[in-house]
Visitor: 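Before we start, here is the structure in question, set down as C-alpha coordinates.
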Number of protein chains: 2
Amino acid sequence: MALHQDSHLLAHDCADCPIRHRAVCAHCESDELTKLEQIKYYRSYQAGQTVIWSGDRMDFVASVVTGIATLTQTMEDGRRQMVGLLLPSDFVGRPGRSTAAYDVTATTDLVMCCFRKKPFEELMSATPHIAQRLLEMTLDELDAAREWMLLLGRKTAREKIASLLAIIARRDASLKSPRSSRGSVIFDLPLTREEMADYLGLTLETVSRQMSALKKDGVIELEGKRHVIVPSINSLMEETGDDTDGGFLV
Amino acid sequence: MALHQDSHLLAHDCADCPIRHRAVCAHCESDELTKLEQIKYYRSYQAGQTVIWSGDRMDFVASVVTGIATLTQTMEDGRRQMVGLLLPSDFVGRPGRSTAAYDVTATTDLVMCCFRKKPFEELMSATPHIAQRLLEMTLDELDAAREWMLLLGRKTAREKIASLLAIIARRDASLKSPRSSRGSVIFDLPLTREEMADYLGLTLETVSRQMSALKKDGVIELEGKRHVIVPSINSLMEETGDDTDGGFLV
DNA sequence: TTCCCTGCTTGATCTGCATCAAGGCAGATC
DNA sequence: GATCTGCCTTGATGCAGATCAAGCAGGGAA
(Lines give C-alpha, C1' and ligand atoms only; values in the text may rest on other atoms or scores of the structure.)
Protein backbone atom coordinates (compact mmCIF):
# COMPACT_ATOMS: atom_id res chain seq x y z
CA MET A 1 0.00 0.00 0.00
CA ALA A 2 1.60 3.20 -1.17
CA LEU A 3 1.79 6.26 1.05
CA HIS A 4 2.09 9.71 -0.42
CA GLN A 5 3.65 11.46 2.50
CA ASP A 6 3.70 14.90 1.02
CA SER A 7 0.22 15.40 -0.26
CA HIS A 8 -0.67 16.13 3.31
CA LEU A 9 -3.76 17.88 2.27
CA LEU A 10 -5.65 14.70 1.74
CA ALA A 11 -4.51 13.38 5.05
CA HIS A 12 -7.18 11.42 6.85
CA ASP A 13 -7.52 8.68 9.38
CA CYS A 14 -7.79 5.49 7.41
CA ALA A 15 -8.03 2.32 9.44
CA ASP A 16 -6.10 0.38 6.80
CA CYS A 17 -3.08 2.67 6.73
CA PRO A 18 -0.02 1.73 8.75
CA ILE A 19 0.38 5.38 9.67
CA ARG A 20 -3.03 6.38 10.90
CA HIS A 21 -2.32 9.89 11.94
CA ARG A 22 -2.65 12.28 9.03
CA ALA A 23 -1.28 9.83 6.56
CA VAL A 24 -2.50 9.52 3.03
CA CYS A 25 -3.73 6.23 1.76
CA ALA A 26 -3.55 5.84 -1.98
CA HIS A 27 -6.18 3.18 -2.34
CA CYS A 28 -8.87 5.39 -0.85
CA GLU A 29 -8.06 8.53 -2.70
CA SER A 30 -6.22 7.64 -5.82
CA ASP A 31 -8.25 9.89 -8.09
CA GLU A 32 -7.92 13.01 -6.07
CA LEU A 33 -4.30 12.25 -5.35
CA THR A 34 -3.51 12.04 -9.02
CA LYS A 35 -5.15 15.37 -9.69
CA LEU A 36 -3.41 16.96 -6.72
CA GLU A 37 -0.08 15.62 -7.94
CA GLN A 38 -0.59 17.48 -11.20
CA ILE A 39 -1.02 20.92 -9.67
CA LYS A 40 1.41 20.76 -6.80
CA TYR A 41 4.92 22.19 -6.49
CA TYR A 42 7.44 22.69 -3.72
CA ARG A 43 9.02 25.73 -2.14
CA SER A 44 11.84 25.89 0.39
CA TYR A 45 12.60 28.62 2.88
CA GLN A 46 15.49 29.21 5.25
CA ALA A 47 15.04 29.63 8.98
CA GLY A 48 13.97 33.20 9.71
CA GLN A 49 12.76 33.88 6.18
CA THR A 50 9.32 35.37 5.67
CA VAL A 51 7.04 33.21 3.55
CA ILE A 52 4.42 35.89 3.04
CA TRP A 53 3.47 39.26 4.54
CA SER A 54 0.02 40.07 5.80
CA GLY A 55 -1.89 41.86 3.06
CA ASP A 56 0.19 40.40 0.24
CA ARG A 57 -1.44 38.78 -2.71
CA MET A 58 -1.55 35.01 -2.15
CA ASP A 59 -2.35 32.91 -5.17
CA PHE A 60 -1.67 29.53 -3.63
CA VAL A 61 -2.61 27.31 -0.72
CA ALA A 62 -0.03 25.01 0.83
CA SER A 63 0.76 22.45 3.46
CA VAL A 64 3.92 22.12 5.50
CA VAL A 65 6.11 19.16 4.54
CA THR A 66 9.03 19.64 6.93
CA GLY A 67 9.99 22.39 9.36
CA ILE A 68 7.99 24.87 11.38
CA ALA A 69 6.30 28.10 10.41
CA THR A 70 4.40 30.67 12.44
CA LEU A 71 1.43 32.94 11.82
CA THR A 72 1.70 36.35 13.48
CA GLN A 73 -0.28 39.55 13.65
CA THR A 74 1.38 42.89 14.27
CA MET A 75 -0.12 46.17 15.47
CA GLU A 76 1.08 49.49 14.08
CA ASP A 77 3.14 50.24 17.16
CA GLY A 78 4.92 46.91 16.87
CA ARG A 79 3.09 44.77 19.41
CA ARG A 80 3.08 41.25 18.04
CA GLN A 81 0.90 38.23 18.72
CA MET A 82 1.49 34.82 17.26
CA VAL A 83 -1.81 33.24 16.28
CA GLY A 84 -0.71 29.92 14.90
CA LEU A 85 2.12 27.41 14.81
CA LEU A 86 2.34 25.36 11.62
CA LEU A 87 3.85 21.92 11.92
CA PRO A 88 4.29 19.27 9.23
CA SER A 89 0.95 18.44 7.56
CA ASP A 90 -0.67 21.72 8.66
CA PHE A 91 -2.45 23.74 6.03
CA VAL A 92 -2.02 27.45 5.16
CA GLY A 93 -4.16 29.72 3.08
CA ARG A 94 -7.81 29.79 2.43
CA PRO A 95 -9.85 29.04 -0.62
CA GLY A 96 -11.89 32.07 -1.59
CA ARG A 97 -9.51 34.74 -0.34
CA SER A 98 -6.81 36.39 -2.37
CA THR A 99 -4.68 38.18 0.24
CA ALA A 100 -2.85 36.81 3.25
CA ALA A 101 -4.34 37.75 6.64
CA TYR A 102 -1.19 37.11 8.69
CA ASP A 103 2.57 37.19 8.39
CA VAL A 104 3.85 33.68 7.76
CA THR A 105 7.45 33.10 8.84
CA ALA A 106 9.73 30.08 8.73
CA THR A 107 11.23 29.54 12.20
CA THR A 108 13.24 26.57 11.03
CA ASP A 109 14.24 25.57 7.52
CA LEU A 110 10.96 24.87 5.84
CA VAL A 111 9.59 22.97 2.87
CA MET A 112 6.05 23.60 1.75
CA CYS A 113 3.93 21.74 -0.74
CA CYS A 114 1.96 24.35 -2.66
CA PHE A 115 -1.07 24.23 -4.91
CA ARG A 116 -2.07 27.11 -7.15
CA LYS A 117 -5.31 28.44 -5.77
CA LYS A 118 -7.46 28.48 -8.90
CA PRO A 119 -7.01 24.84 -9.92
CA PHE A 120 -7.14 23.83 -6.28
CA GLU A 121 -10.52 25.48 -5.85
CA GLU A 122 -11.79 23.79 -8.98
CA LEU A 123 -10.56 20.48 -7.69
CA MET A 124 -12.28 21.15 -4.39
CA SER A 125 -15.64 21.72 -6.04
CA ALA A 126 -15.21 18.56 -8.04
CA THR A 127 -14.13 16.30 -5.19
CA PRO A 128 -16.25 16.76 -2.06
CA HIS A 129 -13.92 14.65 0.04
CA ILE A 130 -11.31 17.40 0.00
CA ALA A 131 -13.69 20.04 1.30
CA GLN A 132 -14.79 17.68 4.06
CA ARG A 133 -11.24 16.92 5.09
CA LEU A 134 -10.40 20.60 5.03
CA LEU A 135 -13.45 21.32 7.17
CA GLU A 136 -12.30 18.76 9.69
CA MET A 137 -8.82 20.29 9.86
CA THR A 138 -10.23 23.80 10.16
CA LEU A 139 -12.51 22.75 13.01
CA ASP A 140 -9.49 21.30 14.81
CA GLU A 141 -7.65 24.56 14.34
CA LEU A 142 -10.63 26.49 15.65
CA ASP A 143 -10.68 24.34 18.78
CA ALA A 144 -6.97 24.94 19.24
CA ALA A 145 -7.45 28.68 18.79
CA ARG A 146 -10.17 28.68 21.44
CA GLU A 147 -8.00 26.70 23.83
CA TRP A 148 -5.40 29.38 23.23
CA MET A 149 -7.89 32.14 24.00
CA LEU A 150 -8.35 30.65 27.47
CA LEU A 151 -4.58 30.62 27.90
CA LEU A 152 -4.15 34.22 26.75
CA GLY A 153 -7.08 35.59 28.71
CA ARG A 154 -6.90 33.77 32.00
CA LYS A 155 -3.68 31.88 32.66
CA THR A 156 -0.70 33.10 34.71
CA ALA A 157 2.74 33.39 33.14
CA ARG A 158 3.86 30.12 34.73
CA GLU A 159 0.77 28.29 33.49
CA LYS A 160 1.29 29.71 30.01
CA ILE A 161 4.86 28.45 29.82
CA ALA A 162 3.90 25.04 31.16
CA SER A 163 1.06 24.80 28.64
CA LEU A 164 3.34 25.66 25.74
CA LEU A 165 5.93 23.11 26.82
CA ALA A 166 3.19 20.50 27.22
CA ILE A 167 1.91 21.18 23.71
CA ILE A 168 5.34 20.98 22.14
CA ALA A 169 6.15 17.84 24.13
CA ARG A 170 2.94 16.23 22.98
CA ARG A 171 3.28 17.12 19.31
CA ASP A 172 6.91 16.16 19.30
CA ALA A 173 6.12 12.85 20.89
CA SER A 174 3.44 12.08 18.34
CA LEU A 175 5.86 12.73 15.48
CA LYS A 176 8.50 10.41 16.90
CA SER A 177 8.25 7.20 18.89
CA PRO A 178 4.73 6.13 19.78
CA ARG A 179 5.64 6.32 23.45
CA SER A 180 8.93 7.38 24.99
CA SER A 181 10.09 5.89 28.27
CA ARG A 182 6.94 6.21 30.34
CA GLY A 183 6.44 9.68 31.74
CA SER A 184 9.65 11.44 30.74
CA VAL A 185 9.98 13.46 27.54
CA ILE A 186 12.95 15.13 25.85
CA PHE A 187 12.80 17.66 23.05
CA ASP A 188 14.37 20.75 21.53
CA LEU A 189 12.46 23.99 21.65
CA PRO A 190 11.79 25.11 18.08
CA LEU A 191 11.22 28.70 19.24
CA THR A 192 13.38 31.48 20.66
CA ARG A 193 12.37 33.09 23.94
CA GLU A 194 11.03 36.03 22.00
CA GLU A 195 8.88 33.80 19.79
CA MET A 196 7.59 32.02 22.87
CA ALA A 197 6.72 35.42 24.32
CA ASP A 198 4.87 36.42 21.15
CA TYR A 199 2.92 33.20 21.30
CA LEU A 200 2.03 33.53 24.98
CA GLY A 201 1.29 37.24 25.16
CA LEU A 202 4.26 37.87 27.48
CA THR A 203 7.63 39.62 27.28
CA LEU A 204 10.77 37.63 26.62
CA GLU A 205 12.09 38.54 30.09
CA THR A 206 9.07 36.99 31.76
CA VAL A 207 9.45 33.87 29.61
CA SER A 208 13.07 33.58 30.65
CA ARG A 209 12.26 34.07 34.34
CA GLN A 210 9.49 31.49 34.33
CA MET A 211 11.65 28.97 32.51
CA SER A 212 14.26 29.48 35.23
CA ALA A 213 11.60 29.09 37.91
CA LEU A 214 10.29 25.82 36.43
CA LYS A 215 13.88 24.60 36.28
CA LYS A 216 14.56 25.60 39.88
CA ASP A 217 11.39 23.79 40.97
CA GLY A 218 12.46 20.62 39.16
CA VAL A 219 9.53 20.61 36.72
CA ILE A 220 11.95 20.73 33.77
CA GLU A 221 15.66 20.38 33.20
CA LEU A 222 17.56 22.51 30.69
CA GLU A 223 20.68 21.64 28.74
CA GLY A 224 21.80 24.81 27.06
CA LYS A 225 18.93 27.09 26.22
CA ARG A 226 16.87 24.95 23.90
CA HIS A 227 17.20 21.32 24.94
CA VAL A 228 14.44 20.46 27.42
CA ILE A 229 14.03 17.37 29.58
CA VAL A 230 10.70 16.82 31.27
CA PRO A 231 11.28 14.20 33.98
CA SER A 232 7.58 13.75 34.63
CA ILE A 233 5.01 14.83 32.11
CA ASN A 234 2.40 14.66 34.87
CA SER A 235 4.09 17.27 37.05
CA LEU A 236 4.31 19.49 33.98
CA MET A 237 0.61 19.01 33.28
CA GLU A 238 -0.19 19.97 36.86
CA GLU A 239 1.41 23.33 36.19
CA THR A 240 -0.74 24.09 33.17
CA GLY A 241 -3.95 24.72 35.09
CA ASP A 242 -5.82 22.41 32.71
CA ASP A 243 -8.07 19.52 33.57
CA THR A 244 -5.85 16.52 34.09
CA ASP A 245 -7.76 14.27 31.70
CA GLY A 246 -5.60 15.77 29.00
CA GLY A 247 -7.91 16.75 26.17
CA PHE A 248 -5.36 19.19 24.81
CA LEU A 249 -5.35 20.09 21.18
CA VAL A 250 -3.00 21.69 18.63
CA MET B 1 -38.55 34.72 -4.60
CA ALA B 2 -39.00 32.80 -1.37
CA LEU B 3 -36.60 33.22 1.51
CA HIS B 4 -36.20 30.53 4.13
CA GLN B 5 -34.90 32.66 6.91
CA ASP B 6 -34.39 29.89 9.40
CA SER B 7 -32.40 27.31 7.54
CA HIS B 8 -29.44 29.52 8.20
CA LEU B 9 -27.09 26.73 7.61
CA LEU B 10 -27.35 27.03 3.91
CA ALA B 11 -26.86 30.74 4.10
CA HIS B 12 -24.77 32.11 1.29
CA ASP B 13 -24.31 35.29 -0.62
CA CYS B 14 -26.61 35.11 -3.58
CA ALA B 15 -26.54 38.09 -5.88
CA ASP B 16 -30.22 37.68 -6.68
CA CYS B 17 -31.47 37.70 -3.12
CA PRO B 18 -32.86 40.93 -1.70
CA ILE B 19 -31.12 40.12 1.58
CA ARG B 20 -27.58 39.35 0.54
CA HIS B 21 -26.05 38.85 3.91
CA ARG B 22 -26.47 35.26 5.07
CA ALA B 23 -29.86 34.92 3.53
CA VAL B 24 -31.09 31.76 1.93
CA CYS B 25 -32.38 31.78 -1.56
CA ALA B 26 -34.72 28.96 -2.40
CA HIS B 27 -34.16 28.93 -6.10
CA CYS B 28 -30.47 28.13 -5.73
CA GLU B 29 -30.72 25.45 -3.12
CA SER B 30 -34.15 23.90 -3.35
CA ASP B 31 -32.98 20.31 -3.12
CA GLU B 32 -30.79 20.65 -0.08
CA LEU B 33 -33.30 22.96 1.52
CA THR B 34 -36.03 20.40 1.20
CA LYS B 35 -33.92 17.72 2.80
CA LEU B 36 -32.83 20.05 5.58
CA GLU B 37 -36.44 20.99 6.22
CA GLN B 38 -37.21 17.35 6.87
CA ILE B 39 -34.68 16.87 9.65
CA LYS B 40 -34.86 20.20 11.39
CA TYR B 41 -36.65 21.16 14.60
CA TYR B 42 -36.67 24.17 16.92
CA ARG B 43 -35.69 24.70 20.51
CA SER B 44 -36.23 27.79 22.66
CA TYR B 45 -34.28 28.89 25.69
CA GLN B 46 -34.77 31.68 28.21
CA ALA B 47 -32.15 34.32 28.91
CA GLY B 48 -29.58 32.88 31.28
CA GLN B 49 -30.43 29.26 30.55
CA THR B 50 -27.66 26.82 29.69
CA VAL B 51 -28.08 25.18 26.30
CA ILE B 52 -25.43 22.56 26.87
CA TRP B 53 -22.56 21.89 29.28
CA SER B 54 -19.04 21.18 28.17
CA GLY B 55 -18.51 17.43 28.04
CA ASP B 56 -22.19 16.63 27.61
CA ARG B 57 -23.32 14.33 24.88
CA MET B 58 -24.43 16.42 21.90
CA ASP B 59 -26.41 14.62 19.25
CA PHE B 60 -27.36 17.64 17.18
CA VAL B 61 -25.90 20.58 15.36
CA ALA B 62 -27.77 23.86 15.24
CA SER B 63 -27.87 27.43 14.07
CA VAL B 64 -29.11 30.46 15.95
CA VAL B 65 -32.39 31.86 14.66
CA THR B 66 -32.97 34.72 17.10
CA GLY B 67 -31.18 35.86 20.26
CA ILE B 68 -27.60 35.58 21.43
CA ALA B 69 -25.66 32.70 22.91
CA THR B 70 -22.11 32.45 24.23
CA LEU B 71 -19.45 29.77 24.24
CA THR B 72 -17.35 29.70 27.40
CA GLN B 73 -14.56 27.62 28.87
CA THR B 74 -14.08 27.27 32.61
CA MET B 75 -11.03 26.19 34.58
CA GLU B 76 -11.38 24.05 37.71
CA ASP B 77 -10.80 27.00 40.00
CA GLY B 78 -13.56 28.97 38.30
CA ARG B 79 -11.63 31.24 35.97
CA ARG B 80 -13.80 31.73 32.90
CA GLN B 81 -13.03 32.75 29.33
CA MET B 82 -15.63 33.34 26.69
CA VAL B 83 -14.45 31.95 23.38
CA GLY B 84 -17.34 32.76 21.10
CA LEU B 85 -20.40 34.91 20.70
CA LEU B 86 -23.20 33.36 18.64
CA LEU B 87 -25.47 35.71 16.79
CA PRO B 88 -28.38 34.89 14.48
CA SER B 89 -27.27 32.61 11.63
CA ASP B 90 -24.16 31.38 13.50
CA PHE B 91 -23.57 27.67 13.69
CA VAL B 92 -22.93 25.49 16.76
CA GLY B 93 -21.66 21.96 17.03
CA ARG B 94 -19.40 19.97 14.85
CA PRO B 95 -19.98 17.06 12.58
CA GLY B 96 -17.85 14.14 13.69
CA ARG B 97 -17.78 14.86 17.40
CA SER B 98 -20.22 13.56 19.95
CA THR B 99 -19.55 15.70 23.04
CA ALA B 100 -19.70 19.46 23.48
CA ALA B 101 -16.35 21.18 23.95
CA TYR B 102 -17.70 24.34 25.57
CA ASP B 103 -20.54 25.55 27.73
CA VAL B 104 -23.21 27.11 25.55
CA THR B 105 -25.40 29.65 27.33
CA ALA B 106 -28.30 31.82 26.19
CA THR B 107 -27.62 35.43 27.18
CA THR B 108 -30.91 36.61 25.76
CA ASP B 109 -34.02 34.63 24.95
CA LEU B 110 -32.89 32.29 22.22
CA VAL B 111 -34.35 30.20 19.42
CA MET B 112 -32.19 27.62 17.73
CA CYS B 113 -32.83 25.63 14.62
CA CYS B 114 -31.47 22.12 15.27
CA PHE B 115 -30.61 19.17 13.05
CA ARG B 116 -30.04 15.71 14.44
CA LYS B 117 -26.40 14.96 13.88
CA LYS B 118 -26.61 11.58 12.17
CA PRO B 119 -28.95 12.56 9.33
CA PHE B 120 -27.17 15.88 9.05
CA GLU B 121 -23.85 14.16 8.50
CA GLU B 122 -25.40 11.90 5.90
CA LEU B 123 -26.86 14.91 4.18
CA MET B 124 -23.48 16.57 4.27
CA SER B 125 -21.77 13.69 2.51
CA ALA B 126 -24.48 13.66 -0.11
CA THR B 127 -24.52 17.39 -0.82
CA PRO B 128 -21.05 18.87 -1.13
CA HIS B 129 -22.38 22.40 -1.16
CA ILE B 130 -23.17 22.18 2.55
CA ALA B 131 -19.66 21.12 3.51
CA GLN B 132 -18.25 23.95 1.44
CA ARG B 133 -20.53 26.52 3.01
CA LEU B 134 -19.68 25.16 6.45
CA LEU B 135 -15.98 25.36 5.63
CA GLU B 136 -16.38 28.98 4.65
CA MET B 137 -18.17 29.79 7.89
CA THR B 138 -15.60 27.92 9.96
CA LEU B 139 -12.74 29.77 8.29
CA ASP B 140 -14.46 33.05 9.13
CA GLU B 141 -14.76 31.96 12.74
CA LEU B 142 -11.11 30.97 12.80
CA ASP B 143 -10.12 34.41 11.57
CA ALA B 144 -12.30 35.97 14.23
CA ALA B 145 -10.73 33.77 16.90
CA ARG B 146 -7.27 34.83 15.79
CA GLU B 147 -8.23 38.47 15.84
CA TRP B 148 -9.40 37.83 19.37
CA MET B 149 -6.08 36.24 20.30
CA LEU B 150 -4.36 39.52 19.41
CA LEU B 151 -6.84 41.35 21.61
CA LEU B 152 -6.38 39.00 24.56
CA GLY B 153 -2.62 38.80 24.31
CA ARG B 154 -1.58 42.33 23.51
CA LYS B 155 -4.26 44.97 23.94
CA THR B 156 -4.77 47.21 26.97
CA ALA B 157 -8.03 47.20 28.91
CA ARG B 158 -9.19 50.38 27.18
CA GLU B 159 -8.40 48.99 23.74
CA LYS B 160 -10.21 45.77 24.59
CA ILE B 161 -13.39 47.60 25.58
CA ALA B 162 -13.26 49.83 22.51
CA SER B 163 -12.74 46.78 20.28
CA LEU B 164 -15.71 44.97 21.79
CA LEU B 165 -17.94 48.01 21.39
CA ALA B 166 -16.76 48.40 17.80
CA ILE B 167 -17.58 44.77 17.03
CA ILE B 168 -21.04 44.98 18.55
CA ALA B 169 -21.69 48.29 16.82
CA ARG B 170 -20.66 46.80 13.50
CA ARG B 171 -22.68 43.59 13.82
CA ASP B 172 -25.66 45.46 15.11
CA ALA B 173 -25.48 47.91 12.26
CA SER B 174 -25.27 45.15 9.67
CA LEU B 175 -28.43 43.53 11.10
CA LYS B 176 -30.40 46.74 10.97
CA SER B 177 -30.35 49.68 8.59
CA PRO B 178 -27.68 49.48 5.86
CA ARG B 179 -26.19 52.76 7.12
CA SER B 180 -27.25 54.78 10.13
CA SER B 181 -26.81 58.55 10.12
CA ARG B 182 -23.22 58.84 8.96
CA GLY B 183 -20.73 58.17 11.70
CA SER B 184 -22.92 57.85 14.78
CA VAL B 185 -24.21 54.51 16.04
CA ILE B 186 -26.66 53.59 18.79
CA PHE B 187 -27.17 50.13 20.26
CA ASP B 188 -27.98 48.14 23.40
CA LEU B 189 -25.26 46.03 24.94
CA PRO B 190 -26.38 42.40 24.88
CA LEU B 191 -23.92 41.49 27.66
CA THR B 192 -23.58 42.24 31.36
CA ARG B 193 -20.35 43.77 32.64
CA GLU B 194 -19.34 40.36 33.91
CA GLU B 195 -19.92 38.74 30.52
CA MET B 196 -17.92 41.50 28.86
CA ALA B 197 -15.13 40.81 31.34
CA ASP B 198 -15.23 37.08 30.55
CA TYR B 199 -15.00 37.86 26.88
CA LEU B 200 -12.13 40.33 27.25
CA GLY B 201 -10.03 38.52 29.83
CA LEU B 202 -10.61 41.27 32.43
CA THR B 203 -12.48 41.67 35.71
CA LEU B 204 -15.89 43.26 35.81
CA GLU B 205 -14.51 46.16 37.86
CA THR B 206 -11.98 46.99 35.17
CA VAL B 207 -14.69 46.83 32.52
CA SER B 208 -16.81 49.22 34.52
CA ARG B 209 -13.93 51.62 35.08
CA GLN B 210 -12.95 51.68 31.43
CA MET B 211 -16.54 52.20 30.32
CA SER B 212 -16.66 55.20 32.66
CA ALA B 213 -13.35 56.45 31.30
CA LEU B 214 -14.53 56.22 27.67
CA LYS B 215 -17.68 58.07 28.70
CA LYS B 216 -15.71 60.78 30.51
CA ASP B 217 -13.51 61.20 27.43
CA GLY B 218 -16.53 61.59 25.18
CA VAL B 219 -15.85 58.48 23.09
CA ILE B 220 -19.22 57.02 24.06
CA GLU B 221 -22.37 58.19 25.80
CA LEU B 222 -24.34 55.97 28.15
CA GLU B 223 -28.06 56.05 28.90
CA GLY B 224 -28.58 53.69 31.79
CA LYS B 225 -26.10 50.85 31.89
CA ARG B 226 -26.77 49.17 28.59
CA HIS B 227 -27.83 51.76 26.03
CA VAL B 228 -24.76 53.04 24.20
CA ILE B 229 -24.43 55.99 21.85
CA VAL B 230 -21.28 56.28 19.79
CA PRO B 231 -21.17 59.86 18.48
CA SER B 232 -18.29 59.12 16.12
CA ILE B 233 -17.47 55.60 15.09
CA ASN B 234 -14.08 56.87 13.95
CA SER B 235 -13.03 58.13 17.38
CA LEU B 236 -14.08 54.74 18.77
CA MET B 237 -12.01 52.93 16.15
CA GLU B 238 -8.99 55.05 17.09
CA GLU B 239 -9.23 53.65 20.60
CA THR B 240 -9.12 50.02 19.46
CA GLY B 241 -5.46 50.03 18.44
CA ASP B 242 -6.39 48.41 15.12
CA ASP B 243 -5.42 49.51 11.66
CA THR B 244 -7.87 52.17 10.62
CA ASP B 245 -8.72 50.54 7.30
CA GLY B 246 -11.29 48.53 9.22
CA GLY B 247 -10.87 44.91 8.23
CA PHE B 248 -12.53 43.76 11.43
CA LEU B 249 -14.25 40.44 11.58
CA VAL B 250 -16.83 38.64 13.75
C1' DT C 1 43.56 34.35 20.87
C1' DT C 2 40.28 38.36 20.59
C1' DC C 3 36.27 40.51 19.07
C1' DC C 4 31.77 40.51 17.75
C1' DC C 5 26.92 39.45 17.71
C1' DT C 6 22.84 37.21 18.79
C1' DG C 7 20.12 35.12 22.19
C1' DC C 8 19.52 34.66 26.91
C1' DT C 9 19.54 35.67 32.04
C1' DT C 10 19.08 38.41 36.05
C1' DG C 11 18.28 42.55 38.85
C1' DA C 12 15.75 46.93 40.07
C1' DT C 13 11.88 49.48 39.55
C1' DC C 14 7.37 50.80 37.77
C1' DT C 15 2.50 50.30 36.55
C1' DG C 16 -1.89 48.48 34.88
C1' DC C 17 -4.98 45.63 36.29
C1' DA C 18 -6.69 42.48 40.08
C1' DT C 19 -8.44 42.25 44.49
C1' DC C 20 -10.93 43.65 48.45
C1' DA C 21 -14.49 46.52 50.09
C1' DA C 22 -18.25 49.71 50.27
C1' DG C 23 -22.08 51.72 48.49
C1' DG C 24 -25.69 53.24 44.61
C1' DC C 25 -29.57 52.50 41.59
C1' DA C 26 -33.60 50.57 39.34
C1' DG C 27 -36.92 47.12 38.88
C1' DA C 28 -39.46 43.41 41.31
C1' DT C 29 -42.18 41.82 45.26
C1' DC C 30 -44.84 42.44 49.04
C1' DG D 1 -43.99 52.94 50.34
C1' DA D 2 -40.48 49.62 52.16
C1' DT D 3 -37.41 46.16 51.27
C1' DC D 4 -34.93 43.10 48.50
C1' DT D 5 -31.97 41.64 44.82
C1' DG D 6 -29.21 41.81 40.79
C1' DC D 7 -26.23 44.65 38.50
C1' DC D 8 -23.17 48.33 38.44
C1' DT D 9 -19.84 52.00 40.13
C1' DT D 10 -16.14 53.78 42.74
C1' DG D 11 -12.30 53.82 46.06
C1' DA D 12 -8.09 51.85 48.40
C1' DT D 13 -4.51 48.74 48.14
C1' DG D 14 -1.55 44.94 46.35
C1' DC D 15 0.93 42.32 43.09
C1' DA D 16 2.18 39.93 38.61
C1' DG D 17 4.28 41.01 34.89
C1' DA D 18 6.21 45.04 32.05
C1' DT D 19 9.98 48.00 31.49
C1' DC D 20 14.58 49.58 31.91
C1' DA D 21 19.23 48.19 32.39
C1' DA D 22 23.40 45.24 32.90
C1' DG D 23 25.90 41.55 31.96
C1' DC D 24 26.74 36.56 30.37
C1' DA D 25 27.40 32.48 27.16
C1' DG D 26 28.43 30.45 23.03
C1' DG D 27 29.54 30.36 18.25
C1' DG D 28 31.59 32.28 14.14
C1' DA D 29 35.12 35.28 11.87
C1' DA D 30 39.64 37.07 11.55
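Lettering of chains follows the sequences in order, A, B, ..., and the numbering in each one begins at 1. Owing to the predicted nature of the structure, the values given are computational and were not obtained by experimental measurement. Values reported hereafter were calculated over all heavy atoms of this structure, with side chains retained and with hydrogens, waters and symmetry mates removed.
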Visitor: Among L71(A), L191(A), I167(A), which residue meets the side chain to side chain contact (heavy atoms under 4.5 Å, CB included) test with L85(A)?
Guide: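 That would be L191(A).
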Visitor: Starting from P on dG17(D), measure out to CG on D198(A) and report it in whole angstrom.
Guide: 17 Å
Visitor: Expressed in angstrom and rounded to an integer, what is the separation of L189(A) atom CG from dC8(C) atom C1'?
Guide: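 Spelled out: CG on L189(A) to C1' on dC8(C) is 13 Å.
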Visitor: Report the distance from atom CZ of R154(A) to atom P of dA16(D), rounded to the nearest whole Å.
Guide: 17 Å
Visitor: Given atom CD of E223(A) and atom C1' of dA25(D), what is their separation to the nearest angstrom?
Guide: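 Spelled out: CD on E223(A) to C1' on dA25(D) is 16 Å.
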Visitor: With respect to the phosphate group of dC8(C), does any side-chain polar atom (N or O) of R226(A) fall under 4.0 Å of OP1 or OP2?
Guide: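 Yes.
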Visitor: When the distance from CD of Q210(A) to C1' of dT9(C) is rounded to whole Å, what number comes out?
Guide: 13 Å
Visitor: Taking the side chain of R193(B) as heavy atoms from C-beta outward, which of dT9(C), dG17(D), dT9(D) is closest to it?
Guide: dT9(D)
Visitor: Within the distance-only criterion (no hydrogens, no angle test), does the side chain of E239(B) pair as donor or acceptor with the backbone N or O of L236(B) below 3.5 angstrom?
Guide: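 Such a contact is absent between E239(B) side chain and L236(B) backbone.
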Visitor: Check this one for me: any side-chain N or O of S212(B) less than 4.0 Å away from OP1 or OP2 of dT10(D)?
Guide: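 Affirmative; the distance criterion is met.
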Visitor: Donor-acceptor pair, distance only, cut-off 3.5 Å: does the side chain of R154(A) make one with the backbone of R79(B)?
Guide: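 Judged by distance alone, no pair lies under 3.5 Å.
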Visitor: For A145(A), does its backbone N or O pair with a side-chain atom of W148(B) as donor and acceptor, under 3.5 Å?
Guide: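 It does not hold such a pair.
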Visitor: Roughly, in whole Å, what's the span from CG in L202(A) to P in dG16(C)?
Guide: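 The answer, rounded to whole Å, is 18 Å.
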Visitor: Over all strands shown, is G201(A) touching base, sugar-phosphate only, or nothing at heavy-atom distances under 4.0 angstrom?
Guide: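 Sugar-phosphate, no base atom in range.
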Visitor: Using Watson-Crick or G-U wobble geometry with both distances under 3.5 Å, which nucleotide pairs with dC30(C)?
Guide: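 The base-pairing partner of dC30(C), which may sit in any strand shown, is dG1(D).
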Visitor: Can you check the K216(A) NZ to dT9(C) C1' distance for me, whole Å?
Guide: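 After rounding, the gap between these two atoms is 15 Å.
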Visitor: To the nearest angstrom, how far is R209(A) atom CZ from dG17(D) atom P?
Guide: 11 Å
Visitor: Should T203(A) be listed as having a side-chain N or O under 4.0 Å from OP1 or OP2 of dA18(D)?
Guide: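 Checking dA18(D) against T203(A), a side-chain N or O does come within under 4.0 Å of OP1 or OP2.
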Visitor: Answer whether the closest heavy-atom distance between the side chains of R193(B) and M211(B) falls below 4.5 Å.
Guide: yes
Visitor: Is the base of dC20(C) touched by the side chain of E205(B) through a donor-acceptor pair closer than 3.5 angstrom?
Guide: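 Such a pair exists between side chain and base.
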